[in-house]
Colleague: 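First the structure, which I've put down as structure tokens, then a few questions once you've had a look.
Starting from 1, each residue takes its place in the sequence as its number.
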Amino acid sequence: MPHLNLESFHPLTFPAHCGEVEFLFQANYKNRDEGALIATRYKGKEFFLVYKNNGIKKLLKSDKVTRPSPNFLLKHALLAYAKCSGSPVLDSNVDNAPENAHLKTHDALKSIQFFADNFPKEREVRIEVGFGSARHLLHQALANPDVLFIGLEIHKPSIEQALKQIVIQNITNLMILDYDARLFLEFVPSNIVGKIYVHFPVPWDKKPHRRVISEAFLKESERVLRVGGTLELRTDSENYYRFALETFSSPRQSRFDVRKNQEIAIVSKYEDRWKKQEKNIYDVTFTCDVESPEPDMVGDFTFSEGNIDAAVVNRLSKETYKREWGFIHVERTFSVGDNGSMIRIAMGSFDRPESTYVLIENGTARYYPSLPVRSSANLNAHILLDELIHG
């Protein structure tokens, strides 16, 4: 991850501009000596830089929750802060390379808000979860020009490589999203997806709750798939294969088939390696046989009017609030300016929690820098949070 080690950290007077990069405000950890978050805006993206006081060295890096894509945005913001604040750099892994020329010309990288506002549904959609090198995804998009492909990936270098190839090969039916697939499906309209590919997901043998495949993911997949559509798992993991068999058998009615060492048109470099090692490759394919209604989610993420007592932040941080639909837990508290505050909360379902920030200024609250995902669990979490901070 890009970062700078500073000899000393010098705060700015906010708001501040350094070329195209804007620094909006600073949110200090409860223990101010521990560090701070620096609200940053660059090329239309808003995110936090993180300052951590590690004793002799002062670390400046990205905030994981709001980290922007592509990666050059973060690199330029880090260098801009060090330059404008006069904070001497001891060492770093950040270069000052300009934006990749290929990335300047593409519009394939989408935000989750793009899909939440107006999901494209004029044609069949196919989704690949964790596309890695993107060999399979690019091949499928080129072979099926009338189908819209959506590739989900959280590994930034893989995303940038895929975007580069989209421009080089002039692919116009492929969109890329840096997002958790387990959350993404809630944004997809019912009955429009022809195929969902989950090829060689991380097995997570020691943390099975983190697996992409689950009963909840299968339920959402069945909803978004058209009749005859398929969810395809391809894995070299014996444990994941057996786990998938059990999961795909969980619905009262289900249809799936299993194949072993099946040849497909395009494979990843890892699959090439596993075949040379004579590892078994398993395919478990679930087929949708039902048509599903559209989900009914009512509500938004607006906080109620009325002043918020500053003591509410301390009160919230002392307890995890659990309900049938999920939970709310304050992970960190921050001070902003003379009277403001901010909290980072984990919220939503137990299986798919989301971390987000709530900024409290002048007695009112708002999510910053973006709204939570509009899932049913998050909407319930927001209702509870609104009640708690006004209670």
Colleague: With a 3.5 Å cut-off and no angle check, do the side chains of Asn378 and Glu354 form a donor-acceptor pair?
Modeller: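 Per modelled atom types, Asn378 and Glu354 side chains form a pair under 3.5 Å.
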Colleague: Is Glu232 paired with Arg234 through a side-chain N to carboxylate O contact shorter than 4.0 Å?
Modeller: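 Here Arg234 does not pair with Glu232 in a salt bridge, since their nearest N and O are not under 4.0 Å apart.
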Colleague: Kindly check if the number of other-residue, nucleotide or ligand heavy atoms within 6.0 Å of CZ (Arg259) is above 12?
Modeller: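 Check fails, neighbour count at 12 or below.
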Colleague: Is there a continuous path of hydrophobic side-chain contacts, each under 4.5 Å between heavy atoms, that joins Ile38 to Tyr357?
Modeller: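 Unlinked, Ile38 and Tyr357 end up in two clusters.
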Colleague: If you look at every heavy atom in Leu218 and Ser250, which pair is closest and at what distance?
Modeller: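 Heavy atoms of Leu218 and Ser250 come nearest at CD2-OG, 4.1 Å.
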Colleague: Which residue, Val125, Leu142, Asn173, forms the side chain to side chain contact (heavy atoms under 4.5 Å, CB included) with Phe149?
Modeller: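 The option that passes is Asn173.
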Colleague: Within a 6.0 Å radius of atom CD1 on Ile154, are there more than 12 heavy atoms belonging to other residues, nucleotides or ligands?
Modeller: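 Open.
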Colleague: Examine the side chains of Ser355 and Glu331 and answer whether a donor and an acceptor come within less than 3.5 Å of each other.
Modeller: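 Per modelled atom types, Ser355 and Glu331 side chains form a pair under 3.5 Å.
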Colleague: Set out, in order, the CA-CA distance, both residues' side-chain angles and the distance that settles side-chain contact (heavy atoms from CB on, under 4.5 Å) for Met347 and Leu385, then state yes or no.
Modeller: CA-CA 9 Å; Met347 63 187 289; Leu385 178 61; 5.7 Å; no
Colleague: Same cluster or not: Phe131 versus Leu174, using hydrophobic residues (I, L, V, M, F, W, Y) connected whenever any side-chain heavy atoms lie under 4.5 Å apart?
Modeller: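 Per the 4.5 Å side-chain linkage, Phe131 and Leu174 are co-clustered.
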Colleague: Between Tyr282 and Tyr241, what is the ring plane arrangement, given parallel below 30°, perpendicular above 60°, and tilted in between?
Modeller: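 Rings of Tyr282 and Tyr241: parallel, under 30°.
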Colleague: Considering residues, nucleotides and ligands other than Glu278, do more than 12 of their heavy atoms fall under 6.0 Å from its CD?
Modeller: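 Not buried by this count: 12 neighbours or fewer within 6.0 Å.
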Colleague: Mind running side-chain contact (heavy atoms from CB on, under 4.5 Å) on Lys156 and Met1 for me, showing each step along the way?
Modeller: CA-CA 10 Å; Lys156 300 297 189 294; Met1 180 182 293; over 6 Å; no
Colleague: Run the salt-bridge test on Arg242 and Glu246 with the 4.0 Å N-O cut-off and return the result as yes or no.
Modeller: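 Salt bridge: no.
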Colleague: Quick check for you: to the nearest 0.5 Å, what is the distance between Lys260 atom NZ and Asn280 atom CG?
Modeller: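 The CG atom of Asn280 is 4.0 Å from NZ of Lys260, to the nearest 0.5 Å.
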Colleague: Less than 4.5 Å apart, side chain to side chain, heavy atoms only: is that true for Leu4 and Leu79?
Modeller: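 Yes; the side chains approach each other to less than 4.5 Å.
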Colleague: Stepwise, does the side-chain contact (heavy atoms from CB on, under 4.5 Å) test hold for Phe217 with Thr247?
Modeller: CA-CA 10 Å; Phe217 185 80; Thr247 303; over 6 Å; no
Colleague: If you take all heavy atoms of Val358 and Ala365, which pair is closest and at what distance?
Modeller: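 For Val358 and Ala365, the tightest heavy-atom pair comes out as CG1-CB, 4.0 Å.
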Colleague: Heavy atoms, side chains only, cut-off 4.5 Å: are Leu137 and Ile176 in contact?
Modeller: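 Sidechains of Ile176 and Leu137: in contact.
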Colleague: Say you draw a straight line from CZ of Phe243 to OG of Ser214; how long is it, rounded to the nearest 0.5 Å?
Modeller: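 It is 6.5 Å, given to the nearest 0.5 Å.
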Colleague: Whether the Ser85 and His10 side chains hold a donor-acceptor pair (N or O, under 3.5 Å, no angle test) is what I'd like checked.
Modeller: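 No pair is found: no donor N or O on one side chain lies under 3.5 Å from an acceptor on the other.
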Colleague: Test Phe23 against every option in Tyr42, Phe14, Tyr81, Phe48 by the ring pair (Phe, Tyr, Trp, His ring centres under 6.0 Å) rule and name the one that passes.
Modeller: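 Going through the options one by one, the only one that passes is Tyr81.
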Colleague: Side chains of Val65 and Thr356: closer than 4.5 Å at any heavy-atom pair?
Modeller: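 In short, these two side chains do not touch, never coming nearer than 4.5 Å.
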Colleague: Nearest 0.5 Å, what's the CG-CG distance between Leu163 and Asp107?
Modeller: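 Rounded to the nearest 0.5 Å, the CG-CG separation comes out at 10.0 Å.
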Colleague: Taking the side chain as every heavy atom from C-beta outward, state whether Ser370 and Glu46 have any pair of such atoms under 4.5 Å apart.
Modeller: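 No; the side chains remain at least 4.5 Å from each other.
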Colleague: Quick check on Asn362: does its CG atom have over 12 non-hydrogen neighbours (other residues, nucleotides or ligands) under 6.0 Å away?
Modeller: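 Not buried by this count: 12 neighbours or fewer within 6.0 Å.
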Colleague: Might you work through the side-chain contact (heavy atoms from CB on, under 4.5 Å) test for Leu138 and Ile166, ending with a clear yes or no?
Modeller: CA-CA 8 Å; Leu138 295 166; Ile166 288 171; 4.1 Å; yes
Colleague: Please determine if Lys52 and Glu34 form a salt bridge, counting it only when a charged side-chain N lies under 4.0 Å from a carboxylate O.
Modeller: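 Looking at Lys52 and Glu34, the cut-off is met.
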Colleague: Determine whether more than 12 heavy atoms belonging to other residues, nucleotides or ligands lie under 6.0 Å from atom CG of Asn339.
Modeller: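 Not buried by this count: 12 neighbours or fewer within 6.0 Å.
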Colleague: Tell me, do Pro203 and Asn239 make a side-chain contact under 4.5 Å, heavy atoms counted?
Modeller: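 When only atoms from C-beta onward are counted, Asn239 and Pro203 do not touch, as no gap falls below 4.5 Å.
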Colleague: Which heavy atom of Pro145 sits nearest a heavy atom of Arg123, and at what distance?
Modeller: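 Closest heavy-atom pair between Pro145 and Arg123: O-NH1, 3.6 Å.
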Colleague: Mind checking whether Gln140 and Glu128 have side chains closer than 4.5 Å, heavy atoms only?
Modeller: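 With C-beta onward as the side chain, the pair stays apart.
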Colleague: Does a salt bridge link Glu222 with Lys219, judged by any charged N lying under 4.0 Å from a carboxylate O?
Modeller: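 Between Lys219 and Glu222 there is no salt bridge, as every charged N stays at least 4.0 Å from the carboxylate O atoms.
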Colleague: Within the structure provided, determine whether Ile112 and Phe187 are in side-chain contact (heavy-atom separation under 4.5 Å).
Modeller: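 When only atoms from C-beta onward are counted, Phe187 and Ile112 do touch, with a gap below 4.5 Å.
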Colleague: Mind checking the NZ-CZ spacing from Lys45 to Phe47? Nearest 0.5 Å is all I need.
Modeller: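 It comes to 9.0 Å.
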Colleague: As an exercise, state the distance from CG of Asp236 to NE2 of His199, rounded to the nearest 0.5 Å.
Modeller: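 If I round to the nearest 0.5 Å, the distance is 12.5 Å.
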Colleague: Between Asp178 and Arg67, is the closest basic N to carboxylate O distance under 4.0 Å?
Modeller: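 Salt bridge between Arg67 and Asp178, a charged N being under 4.0 Å from a carboxylate O: no.
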Colleague: Can Tyr240 and Phe200 be said to form a ring pair (Phe, Tyr, Trp, His ring centres under 6.0 Å), step by step?
Modeller: CA-CA 10 Å; Tyr240 212 135; Phe200 301 102; over 10 Å; no
Colleague: Does some side-chain heavy atom of Leu90 sit less than 4.5 Å from a side-chain heavy atom of Leu6?
Modeller: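 No, too far: nothing below the 4.5 Å cut-off.
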Colleague: Leu177, Phe114: one ILVMFWY side-chain cluster at the under-4.5 Å cut-off?
Modeller: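 Yes, same cluster.
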Colleague: How long is the gap from CE on Met342 to CD1 on Ile360, to the nearest 0.5 Å?
Modeller: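 It comes to 10.0 Å.
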Colleague: Report yes or no: do Phe115 and Val129 belong to one cluster of Ile/Leu/Val/Met/Phe/Trp/Tyr joined by side chain heavy-atom distances under 4.5 Å?
Modeller: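 Phe115 clusters together with Val129.
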Colleague: Between Tyr29 and Tyr51, is there shared hydrophobic-cluster membership here, with clusters defined by ILVMFWY side-chain heavy atoms closer than 4.5 Å?
Modeller: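 The answer is no; the residues belong to distinct hydrophobic clusters.
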